[in-house]
Amino acid sequence: YQRRVHGIETWPHYKYFNESPDCSSLVKSYLKELNQDMSVDEFMNMCVPFMLACHLRWYLWGLNMLADPPATFGYHEYALSRLNLYKKGKDALLQGKTDWRLFIS
């Protein structure tokens with residue numbers, strides 16, 4: 001299943017969100033609304049544990065969706081890519097690495 005998202009044709013598209021201006025723009029707006037004086041990187045680094053939970057949740061969702069054929073989306077591939085991101089992120093976190101970019105691509 002391929003389609004163009006934010007000018008990106010390579011799948012899976014979520015891997016490229018950190019390269020998109022949408023990511024920092026969204027976080028900057030969020031921090032401004034909350035009157036928080038921190039950088040995008042500081043905020044995103046605080047979110048790392050939740051990123052791992054998100055990868056695990058989307059992995060399980062992909063597996064669950066496989067049970068409902070016919071699949072018009074690459075649920076299996078999506079689930080595996082999220083599981084790989086979870087494992088990679090977990091290993092990085094256990095090594096004390098907290099740069100949020102390591103957890104989304």
Check the angle between the aromatic planes of Trp61 and Tyr78 and answer parallel, tilted or perpendicular using the 30° and 60° thresholds.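 Plane angle over 60°, so perpendicular.
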
Who passes side chain to side chain donor-acceptor pair (under 3.5 Å) against Asp99, sequence neighbours left out?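 Per chain and number, Asp99 pairs via side chain to side chain donor-acceptor pair (under 3.5 Å) with Arg101.
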
Residues in side chain to side chain donor-acceptor pair (under 3.5 Å) with Gln95, at least two apart?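 Once residues adjacent in sequence are excluded, the partners of Gln95 under the side chain to side chain donor-acceptor pair (under 3.5 Å) criterion are Lys97.
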
Starting at [atom1] of [X], measure out to [atom2] of [Y] and round the result to the nearest 0.5 Å.
| X | Y | atom1 | atom2 | result |
| --- | --- | --- | --- | --- |
| Asn45 | Ser39 | CG | OG | 7.5 Å |
| Met65 | Trp58 | CE | CH2 | 9.5 Å |
| Met46 | Gln36 | CE | CD | 7.5 Å |
| Leu34 | Ser29 | CG | OG | 11.0 Å |
| Lys90 | Leu52 | NZ | CG | 9.5 Å |
| Leu56 | Leu85 | CG | CG | 12.0 Å |

Which atom pair, heavy atoms only, marks the closest approach of [X] to [Y]?
| X | Y | answer |
| --- | --- | --- |
| Leu31 | Met38 | CD1-O, 3.5 Å |
| Lys28 | Val40 | CG-CG2, 3.6 Å |
| Trp100 | Met51 | CB-CE, 3.7 Å |

With distance as the sole test, does Asn84 use its side chain to make a donor-acceptor pair with the main-chain N or O of Leu80 at under 3.5 Å?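 Side chain of Asn84 to backbone of Leu80, a donor-acceptor pair under 3.5 Å: yes, one is there.
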
Please determine whether side-chain contact (heavy atoms from CB on, under 4.5 Å) holds for the pair Arg82 and Cys54, giving the CA-CA distance in whole Å, both sets of side-chain angles, and the decisive distance to 0.1 Å. CA-CA 9 Å; Arg82 286 299 188 138; Cys54 183; 4.1 Å; yes

